[in-house]
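The structure under discussion appears below in the form of structure tokens.
Throughout, a chain's letter reflects where its sequence line sits, starting with A, and its residues are numbered from 1. Everything numeric in this text was worked out from a predicted model, so none of it was measured.
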Amino acid sequence: MTEPRLKGKRWDTEFEGKLRRRWKARWPYGFEQKSKKPVYSIDTPPPYVNTPVHIGQATTYVMMDMFARFRRMTGHNVLFPLGLDRNGLPIEMAAEKKYNVKLTSLTRAKAMQLCRSILKEASMASVDSFFRLGVSFNSWKKGTGIGGLYETDSPDYRALTQETFIDMWNKGIIYEDERVNNFCPGCQTTLADAEIDYENRRGFYYHIRFKVKETGEDIIIATTRPELVCTIGMVIYNPDDDRYKHLEGKTAIAPIFGKHVKIRAHPSAEIERGTGIMMVCSFGDLADIRFFREMDIEPVIAINKDGTMNENAGFLQGMTIEEARARYLEELEKLGLVIDKEPTHEHRTPVCERSKDAIEFISMKEYYVKQVEFKRDMKRLARKMDFFAPKSRQILLDWIDSVSIDWPISRRRYYATEVPIWYCKGCGQVIVPPKGKYYRPWLEPPPPGSAGLSRGKCSKCGSSGFRGEERVFDTWFDSSISPLYILKYSRPPLGFFSRNQPCSLRPQGKEIVRTWLYYTVLKDWLLTGKCIFKDVWINYHIVDERGKKMSKRTGNAIDPKEVLDRFGAEPFRLWAAIEGNLEKTDFRCSFDRIEGAGKTLTKLWNIARFISMFPPPKRKPGMLCPLDEWALAEIGKIAAYARDRYNKYDFHNPATKMKNFLWEAFASHYLELVKNRAYNQDGRFTREEQDSARFTLNSVLDQLLLLLAPIVPFITATIFMDLRGADIHSQPFPKPDAKTLKKRPGFGTKDIMELNGMVWKAKKDKGLSLKSGMKELCLPRKLKPLETDIVATHKAEKLSYGKAVRIRL
RNA sequence: GGGCCGGUAGUCUAGUGGUUAUGACGCUGCCUUUACAAGGCAGAGGCCGCAAGUUCGAAUCUUGCCCGGCCCACCA
């Protein structure tokens with residue numbers, strides 16, 4: 001009896017460890033520095049170092065790895081670097097939490113020290129997970145070479161961020177301006193619109209009595225922000241509201257503060273809401289900002305950037321917003337001016353996406369990147385890039401539509417890239433350093449060669465005193481250069497960037513299209529005048545089995561570590577491929593599903609084990625049996641389909657097809673029919689026929705393995721190495737020849753399945769073993785080419801032909 | 001309020017005009033037949049969200065509605 005060459009009854013996750021150890025000894029996926037192959041570049045999303053990988057990231061990286069592995073098999077030199085994000089608020093917030101301090105209450109040096117210590121301790125847990133998942137990044141070592149692991153807070157990366165600022169400053173695309181901004185009192189910083197979330201929150205409407213100066217009558221105004229009465233700009237009612245028409249042009253007097261404002265009709269007041277007459281203050285929300293601008297009223301800002309009331313709030317000065325609200329209401333109560341207090345419906349409140357504090361609107365000086373005037377260009381670029389799935393383009397287009405103010409890029413935090421600017425203490429002139437180095441203006445004097453500097457003195461007033469800028473950049477100002485960074489923009493080797501831009505692929509989550517993708521395309525276009533990406537692949541969210549968002553709070557989150565511990569990488573990767581339907585939105589994930597995918601791996605292992613009993617003939621046989629031609633045509637069709645779909649980032653459809661082929665047509669039907677001929681124990685078949693079987697078994701297996709290699713790299717590499725002694729990942733992707741595909745036998749897969757099904761059912765119904773013989777089998781004529789295989793498999797004593805299958809046991 | 005997506009068995013899912021609606025998990029029963037019991041075979045389980053329309057024919061196309069998810073938007 002022939003022994004299978006593959007040992008072990010099933011795929012074991014221990015094999016993954018074995019292979020990983022071999023890979024680790026000699027990492028096979030580095031960027032080929034001297035290769036002439038076309039470069040395929042993937043701008044991977046840098047995860048935060050200090051947080052463990054969640055299931056969504058794990059899925060995304062595994063999908064990206066499939067893209068990378070496939071492109072390697074189609075002859076590309078794949079640039080697939082790992083980046084780690086270490087800048088910005090998440091790091092600072094981790095430090096605040098761990099050391100239980102507010103960084104804003106510390107000196108800058110001390111705050112930075114705490115951040116660095118957080119980063120130092122940050123385990124490389126995420127990196128380890130990627131390694132275990134089999135992600136084939138170019139390198140796991142930090143380095144500034146092509147494909148090296150990079151960190152967004154490295155001097156090299158930060159120098160490039162600052163360089164892009166200097167370039168844009170010199171081009172006049174960046175300016176400083178004082179205007180009302182979104183401000184997070186918790187994070188103590190300005191926020192871009194893209195950083196704002198909305199939450200449904202409840203509050204109270206306070207019905208407050210105002211006086212009308214001219215008539216002395218009372219009007220009742222409902223408000224959720226009584227503490228802002230001190231900034232009231234106008235009182236409005238709807239033009240169609242008969243209750244208030246007589247007040248047009250009269251004057252309202254704000255209680256206690258005594259401020260006089262006009263009463264006017266305005267359509268933004270709704271008759272049904274509140275009391276129908278409302279006050280507009282500066283500023284309760286974005287609508288107020290627009291209203292003040294529209295009406296040309298001078299706003300009064302009563303809230304400081306630390307979230308306390310300022311001198312414009314009179315007796316409320318120095319209190320927090322909440323304290324001021326309570327105090328003011330208390331005073332109103334004493335005077336009997338609060339008529340009612342009713343809970344509001346839940347309404348959307350703008351909150352900081354990180355700290356979840358309610359956003360305030362505060363006037364401050366910040367640096368801005370022009371973007372409003374480029375909306376048309378951005379839309380053109382959005383249409384130029386290829387989106388996968390194509391409909392995801394709309395997310396970007398919608399966001400571009402909603403852009404209404406320029407991009408505020410300066411932040412009042414510490415652990416981020418510094419804005420590289422100094423100011424002359426004498427005349428205020430702006431000093432801009434030369435490009436190329438990493439600058440820390442809060443620590444260092446302006447370097448020689450700076451614009452506005454002459455022999456170490458201000459070129460305008462001759463002063464030698466300078467103030468370094470203390471603000472830092474928005475994280476997205478850093479993140480938006482990742483494709484420039486990995487493609488060596490403005491870095492050696494010379495010409496690499498111009499030869500290899502645009503970046504082949506930006507993979508990214510749909511929720512950060514409005515930040516990461518948008519800002520990258522914007523900024524890189526402003527710098528280079530070109531669209532930085534060719535393809536954009538948008539991945540969606542991982543949700544639980546019922547379609548609910550996963551979160552630690554609701555306890556339905558799946559930890560990738562647990563997945564790896566229980567099942568290993570391969571079932572997870574196969575699950576991701578099968579689930580990754582571009583046409584759908586969210587991925588459904590559960591342990592059951594991942595475990596289910598593992599069964600297919602067992603099946604694949606056993607098929608390979610079976611085939612390993614029949615080594616391929618030394619050379620391709622001169623003739624192939626019709627059954628074998630059919631099998632080769634079937635796998636050939638799948639190979640052609642997979643090549644086409646993989647190129648379009650679709651692994652779902654090919655994976656589903658392969659899985660079905662593997663279980664059904666191949667395992668259940670082809671293997672059963674071909675077994676006798678492959679064994680040829682009683683010499684019923686010729687040597688040529690037997691060789692045809694052995695050749696086909698091995699050829700189909702090889703192609704299956706190659707097609708699956710990008711998806712499940714461990715099991716395919718293990719089998720291929722055992723049977724063929726070569727690394728599957730350096731093999732070319734199968735390209736079926738036209739002749740194989742053109743073969744059209746007179747019978748189809750369905751005919752074979754039907755026949756086998758009927759015979760097996762008939763024997764079963766009689767309680768006979770499947771090996772038992774039958775008196776007569778009548779076949780449809782089109783199955784004649786398969787007659788010897790069919791007779792041998794089903795043990796028919798007599799064979800005849802007719803219209804339909806008939807069985808006599 | 002606007003946009004996108006979805007609604008098919010207990011759960012999840014395939015199916016974009018054509019016999020009897022696919023598969024998985026779960027459930028019931030049977031089977032150790034030399035790759036596979038982490039297997040094989042058989043079975044139960046469906047107003048294909050609702051309604052109207054187009055059509056010889058609709059899960060599939062059109063329209064309206066209902067429900068769920070996500071995104072965007074200025075509400076006192």
Side-chain angles (χ1 to χ4, degrees), chain A residues 1-4 6 9-11 193 197-198 203 205-208 221-226 228 235-237 268-270 272-281 283-291 294 344-345 347-350 389 391-392 394-395 397-399 401-402 404 510-511 513-514 540-541 543-549 571 578-579 581 583-586 588-593 595-614 652-653 656 659-660 663-664 667-668 671-672 675 679 681 697 757 760-761 763-765 767-772:
Chain A
M1 175 60 66
T2 330
E3 277 296 311
L6 276 187
K9 275 207 164 182
R10 57 185 66 107
W11 171 250
D193 288 351
D197 270 351
Y198 290 85
Y205 288 142
Y206 300 95
H207 292 241
I208 297 172
I221 290 178
T223 177
T224 55
R225 300 290 304 267
L228 289 179
V235 168
I236 59 171
Y237 61 92
S268 67
E270 283 175 42
E272 299 299 322
R273 192 172 291 275
T275 56
I277 189 160
M278 65 181 281
M279 63 171 189
V280 189
C281 299
F283 295 104
D285 58 49
L286 292 166
D288 296 340
I289 298 174
R290 186 176 299 185
F291 185 89
E294 195 182 299
T344 61
H345 297 292
H347 62 276
R348 285 173 61 92
T349 308
K391 68 179 184 205
S392 297
Q394 200 57 42
I395 304 173
L397 288 170
D398 285 352
W399 176 250
D401 266 335
S402 71
S404 62
K510 67 172 176 182
E511 75 283 3
V513 165
R514 65 179 181 169
Y540 285 82
H541 282 295
V543 295
D544 74 7
E545 210 155 23
R546 315 239 157 163
K548 292 266 176 264
K549 218 174 181 169
I578 289 170
E579 190 69 27
N581 188 348
E583 298 306 315
K584 291 278 161 147
T585 51
D586 297 329
R588 310 245 170 166
C589 181
S590 70
F591 287 122
D592 280 353
R593 281 165 183 246
E595 193 172 16
K599 291 192 177 183
T600 299
L601 298 175
T602 305
K603 194 73 178 175
L604 176 66
W605 183 259
N606 280 302
I607 287 170
R609 201 159 76 92
F610 173 67
I611 293 174
S612 76
M613 289 194 293
F614 309 103
H652 161 77
N653 285 301
T656 307
K659 186 179 141 192
N660 287 340
W663 282 91
E664 293 299 320
S668 296
L671 292 190
E672 292 304 329
K675 253 180 195 175
Y679 280 115
Q681 273 162 328
L697 283 168
W760 289 330
K761 184 161 167 41
K763 289 185 178 176
K764 190 93 194 165
D765 287 349
L768 297 171
S769 124
L770 297 183
K771 281 195 301 191
S772 67

Distance, [atom1] atom - from [M] to [N], rounded to whole angstrom:
N     : M     : atom1 : value
B:G18 : B:G39 : P     : 34 Å
B:U19 : B:U13 : P     : 24 Å
B:U63 : B:C70 : C1'   : 25 Å
B:A14 : B:G23 : P     : 14 Å
B:C41 : B:U32 : C1'   : 14 Å
B:U33 : B:C27 : C1'   : 26 Å
B:A42 : B:C50 : C1'   : 37 Å
B:A9  : B:G49 : P     : 8 Å

task: Decide whether A:T600 and A:W663 meet the rule of one side-chain donor and one side-chain acceptor closer than 3.5 Å.
output: yes

Answer whether the closest heavy-atom distance between the side chains of [X] and [Y] falls below 4.5 Å.
X      : Y      : value
A:Y237 : A:M278 : no
A:I236 : A:V280 : yes
A:I578 : A:K659 : yes
A:Y206 : A:R225 : no

B:A35, OP1 or OP2 - any side-chain N/O from A:K603 closer than 4.0 Å? no

Margin query: With a cut-off of less than 4.0 Å, is there a side-chain N or O of A:K659 near OP1 or OP2 of B:A14?
Written below: no

N/O to N/O distances under 3.5 Å, protein versus nucleotides 25-30 of chain B:
{"from": "B:C25", "atom 1": "OP1", "to": "A:K599", "atom 2": "NZ", "distance (Å)": "3.4"}

What's the separation between atom [atom1] in [X] and atom [atom2] in [Y], rounded to the nearest 0.5 Å?
X      : Y      : atom1 : atom2 : value
A:M279 : A:L228 : CE    : CG    : 6.5 Å
A:I221 : A:H207 : CD1   : NE2   : 11.5 Å
A:L604 : A:K599 : CG    : NZ    : 16.0 Å

Given atom [atom1] of [X] and atom [atom2] of [N], what is their separation to the nearest angstrom?
X      : N     : atom1 : atom2 : answer
A:N606 : B:U33 : CG    : C1'   : 16 Å
A:L671 : B:U34 : CG    : C1'   : 14 Å
A:N653 : B:U22 : CG    : P     : 19 Å
A:E672 : B:U33 : CD    : P     : 14 Å
A:R514 : B:C71 : CZ    : C1'   : 8 Å
A:I607 : B:G40 : CD1   : P     : 10 Å
A:D401 : B:C71 : CG    : C1'   : 14 Å
A:L228 : B:C75 : CG    : P     : 16 Å

Which heavy atom in [X] sits nearest to a heavy atom in [Y], and how many Å separate them?
X      : Y      : result
A:A667 : A:I607 : CB-CD1, 3.9 Å
A:F610 : A:K675 : CZ-CG, 3.5 Å
A:P226 : A:I208 : CB-CD1, 3.9 Å

Want to settle it: does A:W663 or A:F610 sit nearer the 5' end of RNA chain B, counting the closest nucleotide to each?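 Closest to the 5' end, via its nearest nucleotide, is A:F610.
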
Handout entry: 5' precedence on RNA chain B between A:D398 and A:I611 (nearest-nucleotide basis)
Key =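 It is A:D398 whose nearest nucleotide is closer to the 5' end.
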
Regarding the side chain of A:W399, the nearest nucleotide among B:C36, B:C72, B:U34 is B:C72

Give one of base, sugar-phosphate or nothing for A:A608, where a contact means two heavy atoms less than 4.0 Å apart.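 No contact.
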
Base-pair string, RNA chain B, Watson-Crick plus G-U, cut-off 3.5 Å on both distances, | for inter-strand, is ((((((((.[[[..)..(....]]].(((((.......))))).....[[[[[..)....]]]]])))))))....

